[in-house]
Asker: 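Sharing a structure here in structure tokens format.
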Amino acid sequence: MNVSDINSSLDKAERSILNFFMPRRCPFCGAMADKELLCEKCRKTLPFRGEHAVEAESFARCAAPLYYEGPVRQAILDFKFKRKMGSVSCFGMLMAQCAAEHFSGEFDAITWVPVSKKRLKKRGFDQARYLTASLCVDWHTEPLETLRKVVDNPAQSSIESPEERRANVLGVYEAVEPQRFAGRRLLLIDDIRTTGATLSECVRVLKEAGAKDVLCLTLAAGERKK
């Protein structure tokens, strides 16, 4: 058994002990969760995107395991604004499964869409970075910081027009030490994809700074068409 296998076994043992003394709760309904961090009901009823998990946007291929609606929307809002951090492991697990299924072997490093210093101070944490860290723990790798948000622009959720959303994020990000990711294929993480304006701007900055390719992964995206 190599060092990686030993570390993996220790991680699983530690999680089993924690789960025994502090049973996991499903982040979508609060019921007792199983070993994969979801309750049986939500596993059957959550709005999974299924065959629509990956979409080819104009700027990149984007994947998400869930639709942004109902209990998924509420769970993400609770995570972001009520600091329900117990959800992170479940969210990371769902995203990791989605990436493994649709993007396996297509990226070399994992990065995230950052928040501004002002919003970080107000919120107390960067939700996309936490999601990225959760994926990286499962994959035994280190996240790579590639972007910095240099403008504290209005929240995208406060803007309805797709055109105004694109204008709102233009020029608000800059590359961090681009020599570290030049020629590499990146998996870019965020919590939600709606119009895709934020991800599009981040992909543009990363590619102009030398990234070979960028794939996008979010926990949730859009709503199902009625």
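Along the sequence shown, residues are numbered consecutively beginning with 1. Keep in mind that the numbers below use all heavy atoms, side chains included, and drop hydrogens, waters and symmetry copies.
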Asker: Any ring-ring contact (aromatic ring centres under 6.0 Å, His included) involving residues 172-197? Give me the pairs, sequence neighbours left out, ordered by first then second residue.
Answerer: none

Asker: Going by side-chain hydrogen bond (donor to acceptor under 3.5 Å, both in side chains), name the residues that satisfy it together with Arg148, two or more places apart in sequence or in a different chain.
Answerer: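 Applying side-chain hydrogen bond (donor to acceptor under 3.5 Å, both in side chains) to Arg148 gives Glu174.
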
Asker: Which pairs with one or both residues in residues 84-94 pass salt bridge (charged side-chain N to carboxylate O under 4.0 Å, His left out), sequence neighbours excluded?
Answerer: Asp78-Lys84

Asker: Looking only at non-hydrogen atoms, find the nearest pair between Gly30 and Arg25 and report the distance.
Answerer: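 Nearest pair, atom of Gly30 first, then Arg25: O-CD, 3.0 Å.
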
Asker: Please tell me if the side chains of Arg184 and Leu144 come closer than 4.5 Å, counting only heavy atoms from C-beta onward.
Answerer: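 Contact flag for Arg184/Leu144 side chains = yes.
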
Asker: Is Val169 reachable from Val151 through a run of I, L, V, M, F, W or Y residues, each pair having side-chain heavy atoms under 4.5 Å apart?
Answerer: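 Val151 clusters together with Val169.
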
Asker: Look only at the side chain of Arg165 and the backbone of Thr194, and say whether a donor-acceptor pair between them is shorter than 3.5 Å.
Answerer: no

Asker: Assigning hydrophobic clusters by single linkage (Ile, Leu, Val, Met, Phe, Trp, Tyr; side-chain heavy-atom cutoff under 4.5 Å), is Tyr67 placed with Leu77?
Answerer: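 Each belongs to a different hydrophobic cluster.
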
Asker: Keeping to residues at least two apart or across chains, list the salt bridge (charged side-chain N to carboxylate O under 4.0 Å, His left out) pairs with something in residues 122-134.
Answerer: none

Asker: Roughly how far, to the nearest 0.5 Å, is CD of Glu69 from CD of Gln74?
Answerer: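 That separation rounds to 13.5 Å.
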
Asker: Take Phe28 and Leu66, measure what side chain to side chain contact (heavy atoms under 4.5 Å, CB included) needs, and give me the verdict at the end.
Answerer: CA-CA 12 Å; Phe28 301 103; Leu66 297 162; 4.0 Å; yes

Asker: Restricting to side-chain hydrogen bond (donor to acceptor under 3.5 Å, both in side chains), what partner residues turn up for Thr195, sequence neighbours left out?
Answerer: none

Asker: Does Val176 sit in a hydrophobic cluster with other residues, and if so which ones, taking ILVMFWY side chains as linked at heavy-atom separations under 4.5 Å, directly or through other members?
Answerer: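 None; Val176 is a cluster of one.
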
Asker: Does Asp213 have any side-chain hydrogen bond (donor to acceptor under 3.5 Å, both in side chains) partners at least two apart in sequence or in another chain, and if so, which?
Answerer: none

Asker: State, yes or no, whether a side-chain contact exists between Pro27 and Phe79 at a heavy-atom distance under 4.5 Å.
Answerer: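 Sidechains of Phe79 and Pro27: no contact.
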
Asker: So, using side-chain contact (heavy atoms from CB on, under 4.5 Å) as the criterion, who are the partners of Glu57 when residues are at least two apart?
Answerer: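 So Glu57 forms a side-chain contact (heavy atoms from CB on, under 4.5 Å) with Phe59, Cys62, Arg193.
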
Asker: Could you tell me whether a side-chain N or O of Glu201 sits under 3.5 Å from a main-chain N or O of Gly171, the two making a donor and an acceptor?
Answerer: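 Between the backbone of Gly171 and the side chain of Glu201 there is a qualifying donor-acceptor contact (under 3.5 Å).
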
Asker: Between Glu40 and Arg43 (salt bridge meaning N to carboxylate O under 4.0 Å), is one present in this structure?
Answerer: no

Asker: What pairs meet the ring-ring contact (aromatic ring centres under 6.0 Å, His included) rule with one or both residues in residues 103-124, with sequence neighbours excluded?
Answerer: Phe107-Trp139

Asker: Which residues satisfy the side-chain contact (heavy atoms from CB on, under 4.5 Å) test with Glu177, sequence neighbours excluded?
Answerer: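 Partners of Glu177 under the side-chain contact (heavy atoms from CB on, under 4.5 Å) test: Gln179, Arg180.
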
Asker: Other than Val115, which residues form its hydrophobic cluster under the rule that side-chain heavy atoms must be closer than 4.5 Å?
Answerer: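 Members other than Val115 - counting any ILVMFWY side chain reachable under 4.5 Å - are Leu120.
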
Asker: Can you check side chain to side chain contact (heavy atoms under 4.5 Å, CB included) on Glu55 and Arg61, steps first, answer last?
Answerer: CA-CA 6 Å; Glu55 292 184 85; Arg61 286 166 58 219; over 6 Å; no

Asker: Using atom types as modelled and distance alone, determine if a side-chain donor or acceptor of Asp108 lies under 3.5 Å from a backbone N or O of Arg185.
Answerer: yes

Asker: Of all the heavy-atom pairs spanning Leu46 and Pro71, show the shortest one and how long it is.
Answerer: CD2-CG, 3.9 Å

Asker: Is there a path of hydrophobic side-chain contacts, each under 4.5 Å between heavy atoms, that joins Leu215 and Leu135?
Answerer: yes

Asker: Met95, Val203: one ILVMFWY side-chain cluster at the under-4.5 Å cut-off?
Answerer: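 In one cluster with Met95: Val203, no.
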
Asker: Taking C-beta and beyond as the side chain, do Pro143 and Ile110 meet within less than 4.5 Å on heavy atoms?
Answerer: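 Counting from C-beta outward, Pro143 and Ile110 never come under 4.5 Å.
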
Asker: Ser161: which residues meet the side-chain contact (heavy atoms from CB on, under 4.5 Å) condition with it, sequence neighbours left out?
Answerer: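 Ser161 satisfies side-chain contact (heavy atoms from CB on, under 4.5 Å) with Glu163, Glu164 only.
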
Asker: Determine the minimum heavy-atom distance between Ala221 and Ala64, stating which atoms define it.
Answerer: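 What the structure gives for the nearest pair is CB-CB, 3.8 Å.
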
Asker: Shared ILVMFWY cluster between Leu217 and Leu186, side chains joined below 4.5 angstrom?
Answerer: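 No, no single cluster joins them.
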
Asker: Would you say Asp152 and Arg119 make side-chain contact, with heavy atoms under 4.5 Å?
Answerer: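 Contact flag for Asp152/Arg119 side chains = yes.
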
Asker: To the nearest 0.5 Å, how far apart are OG1 in Thr132 and CG in Leu188?
Answerer: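 CG of Leu188 is found 8.0 Å from OG1 of Thr132.
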
